[in-house]
Amino acid sequence: MKKLGLLGVALLLFACTAEPEKGTMIIDVNIVDVSTGTILEHRDVVIDSGKIKTIAKHQGKPLVHELMVSGAGKYLMPGLAEMHAHIPPPSTNSEQIEDVLFLYLANGITTIRGMLGHPAHLALKSNVENGNILSPRIFTSSPSLNGNSVTSVEQAISMLTAYKKDGYDFLKIHPGIKREVFDQIVKTANEVDIRFAGHVPVDVGIEHALRSKYASIDHVDGFLEGLVPETANVNPEDNGFFGFAFTPLVDVSKIDGLVQLAKENEVWVVPTQSLFERWFAPIAADELLQQAEMQYMPPTTLANWKERKEASIDPSTGFTAHQWKQFDAIRKQLIKKLQDGGHGMLLGSDAPQVFNVPGFSIHHEIDGLEAAGLTPLQIIQSGTINPAKYIGMTDVFGQVKEGLEADLVLLNANPLENMDNLQDLVGVFKKGRFIPKASINNRLAAMAAKNSEPSENESETNSIADQLQGTWKYYSEKGKKPAPVATFERLKTISNAYWSMTEMNILTNKLAYYHGGRYKLEGDEYIETITFANNGSQYLLDNTLKAKLEVKGDTIIQTGLNTTYNEVWIRMK
């Protein structure tokens with residue numbers, strides 16, 4: 001009898017004969033309504049053709065679909081948006097670019113707004129939309145408009161017209177642009193119908209920038225300078241890093257006026273607070289280098305980040321921890337008041353950037369926003385429904401709602417109760433494609449491996465838990481040789497408390513079985529539960545299977561405890 005390589009459970013005894021319904025069903029899940037902050041309990045969500053087809057009260061025996069995902073006790077919400085992302089330039093190899101894009105997805109980010117565009121990013125965006133690359137949805141800026149790239153009114157007209165024709169989603173404003181040229185950028189942008197966002201050039205100033213109706217101002221740029229009284233008689237060019245040098249001169253009573261201007265002119269704000277709590281902050285580079293997420297960045301990048309950070313906060317620049325605390329407190333006041341009285345906030349951390357690892361940095365950003373006084377719901381809205389409003393695509397993404405694209409995250413716990421729960425993923429849905437946590441963890445492990453040299457004695461010193469990590473291929477029943485003519489290939493990925501298994505029919509090249517879930521180790525006893533499964537193995541949902549494991553180098557020998565089947569698996573290189 002052909003056996004399923006999931007701790008030896010026989011499939012032929014249980015295989016479903018009924019034709020499954022098309023698509024994926026998430027069963028008995030709790031939905032986070034990001035518009036109200038309420039929880040819609042016990043819902044069955046059907047995803048088909050990349051969109052949310054139906055949402056209904058949970059039924060005791062739901063119709064079997066092609067893929068069934070258990071949502072019992074779990075929480076479903078829209079994927080997050082990273083609204084100040086950076087896509088590596090084309091000089092970066094394609095594998096590294098795709099790794100960066102996956103790092104966003106690995107943290108539940110299903111939409112990114114690229115803030116330094118390049119013609120190659122337009123092609124990348126198209127490839128993502130066509131499903132050729134696993135990536136968040138991409139919106140991309142034009143190449144930088146700055147004091148060097150656009151120096152005249154005539155140049156502004158020609159560049160903006162070309163960028164609109166090329167298909168960029170918006171214009172990126174950088175420092176250095178003169179007031180006259182900026183005003184022409186605004187005029188031409190309105191004429192050709194393309195929005196602009198980013199920094200506030202010193203010659204423009206925050207009040208004129210707000211009245212010019214930026215689509216968004218990022219980093220809270222220009223606001224601190226706008227709090228300096230005219231009587232201070234400062235040279236605007238002496239502002240330092242985002243106004244840091246003017247910190248002692250600030251009059252916080254001026255905040256309300258700027259907030260009102262932002263509201264009246266419908267200017268969104270992207271705080272990127274993590275940038276100022278990691279790069280430009282009195283925390284040692286070596287301390288940040290010890291954080292686990294740094295393993296996903298190339299060593300050359302980390303070395304560059306260390307050098308840039310240490311140069312930025314060197315005492316010779318005028319940086320002091322005392323002034324930084326004042327600076328940080330003012331920024332938090334601005335962020336809180338812009339949330340409460342401004343037009344709206346967009347979640348963005350600026351990544352990859354100095355010690356901001358893509359995807360992971362959004363959780364540091366969330367911590368910073370919480371410290372500024374924003375509520376969990378306000379923060380979640382800044383990363384879901386607000387970006388959809390900003391882009392004008394509330395009918396496409398940003399909520400768990402029938403008819404919208406299935407860009408979703410499934411969580412083990414309620415994020416409204418604890419924002420750290422956003423990091424406790426069961427999996428991510430990108431246009432309906434389910435990416436289980438085991439696959440996420442496995443790819444992250446592969447990235448980390450590329451960036452480090454493993455110890456020669458690693459296999460001798462690692463525990464069973466460490467040795468299990470990776471992808472394994474079913475070899476044979478324990479004590480037997482492989483079948484001389486195999487008609488299937490069975491692969492199992494085990495990675496940091498999650499696992500998944502696929503079986504392909506070699507003759508037809510079709511997927512026969514696909515399922516997975518969580519596991520735990522108690523000594524050498526391996527216990528796994530099944531939380532998702534396709535039609536062929538859906539009867540296994542919510543089952544718990546146990547085995548004794550013996551790991552010998554690149555071989556696993558398993559002895560079933562609650563089944564009679566024993567198996568041998570070999571590591572895939």
Side-chain angles (χ1 to χ4, degrees), residues 24-47 51-59 62 65 67-82 104-111 136 347 359 362-363 366-367 369-370 374-388 397-402 404-441 496-498 516-518 529-533 541-542:
T24 297
M25 175 180 276
I26 308 170
I27 311 161
D28 193 20
V29 74
N30 302 307
I31 295 175
V32 180
D33 184 338
V34 298
S35 64
T36 64
T38 57
I39 301 296
L40 307 178
E41 297 181 336
H42 305 297
R43 297 299 198 268
D44 292 336
V45 179
V46 175
I47 298 168
K51 293 188 176 182
I52 301 171
K53 182 179 180 182
T54 62
I55 300 173
K57 279 280 191 179
H58 172 59
Q59 301 298 314
H65 285 67
L67 181 65
M68 306 286 278
V69 179
S70 175
K74 298 177 176 60
Y75 292 79
L76 187 69
M77 62 171 279
L80 295 171
E82 164 60 271
Y104 292 118
L105 276 181
N107 286 273
I109 294 168
T110 55
T111 295
L347 186 65
I362 212 71
H363 300 294
I366 287 168
D367 291 342
L369 296 180
E370 278 198 292
L374 274 66
T375 69
L377 179 59
Q378 288 172 336
I379 296 169
I380 287 173
Q381 288 175 336
S382 76
T384 54
I385 194 170
N386 286 5
F397 71 98
Q399 298 184 73
V400 182
K401 188 176 179 182
E402 290 181 358
L404 271 60
E405 287 190 359
D407 287 354
L408 309 166
V409 291
L410 185 60
L411 305 169
N412 281 308
N414 187 350
L416 292 170
E417 293 179 353
N418 187 331
M419 295 298 284
D420 288 344
N421 291 336
L422 285 169
Q423 301 175 61
D424 191 5
L425 294 172
V426 175
V428 177
F429 292 86
K430 183 67 192 89
K431 265 194 175 180
R433 175 180 174 179
F434 181 49
I435 310 167
K437 194 62 161 65
S439 298
I440 291 171
N441 286 346
N496 296 331
Y498 289 86
R518 301 198 75 161
T529 56
I530 298 89
T531 59
F532 67 88
L541 274 176
D542 299 321

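It should be emphasised that the depicted structure is a prediction, and the values quoted were computed from it without experimental measurement.
- P62 and Q59 get closest at one heavy-atom pair: CD-O, 3.3 Å.
- Between N441 and Y498, the closest side-chain pair of non-hydrogen atoms falls below 4.5 Å.
- Considering all non-hydrogen atoms of both residues, D420 and N418 come closest at N-OD1, 2.9 Å.
- Q378 places a side-chain N or O within 3.5 Å of a backbone atom of T375 that can act as its donor or acceptor partner.
- P376 places a side-chain heavy atom less than 4.5 Å from the side chain of E370.
- The line from CD of E402 to CD1 of I52 is 8.5 Å long, rounded to the nearest 0.5 Å.
- The side-chain heavy atoms of T24 and V46, taken from C-beta on, include no pair separated by under 4.5 Å.
- When all heavy atoms of G398 and A388 are compared, the closest pair comes out as CA-CB, 4.2 Å.
- In this structure the side chain of D44 never reaches within 4.5 angstrom of the side chain of K57, judged on heavy atoms.
- In terms of modelled atom types and a separation under 3.5 Å, the side chain of N107 and the main chain of I109 share no donor-acceptor contact.
- Using a 4.5 Å heavy-atom threshold, the side chains of I47 and I26 count as touching.
- Here the side chains of L416 and V32 are in contact, with some heavy-atom distance below 4.5 Å.
- By the side chain to side chain contact (heavy atoms under 4.5 Å, CB included) test, T529 pairs with R518, T531, T544, sequence neighbours left out.
- Summarising the local packing, NZ of K74 is surrounded by more than 12 heavy atoms from other residues, nucleotides or ligands at distances under 6.0 Å.
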Take L541 and V69, measure what side-chain contact (heavy atoms from CB on, under 4.5 Å) needs, and give me the verdict at the end.
CA-CA 8 Å; L541 274 176; V69 179; over 6 Å; no

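- Residues M77 and P415 meet the side-chain proximity criterion, which asks for heavy atoms closer than 4.5 Å.
- Counting only heavy atoms from C-beta outward, the side chains of D407 and K430 approach each other to under 4.5 Å.
- Salt bridge status for R43 with D28: absent, with no side-chain N to carboxylate O gap under 4.0 Å.
- Checking D424 against N412 by side-chain atom types alone, a donor-acceptor pair falls below 3.5 Å.
- Looking only at distances, a side-chain donor or acceptor of T384 sits under 3.5 Å from a matching main-chain atom of I380.
- Expressed to the nearest 0.5 Å, how far NE2 of H363 lies from CE of M419 amounts to 9.5 Å.
- For the atom pair I440 CD1 and I435 CD1, the distance stands at 6.0 Å (nearest 0.5 Å).
- The two residues Y104 and P136 have their closest heavy-atom pair at CB-CG, 3.6 Å.
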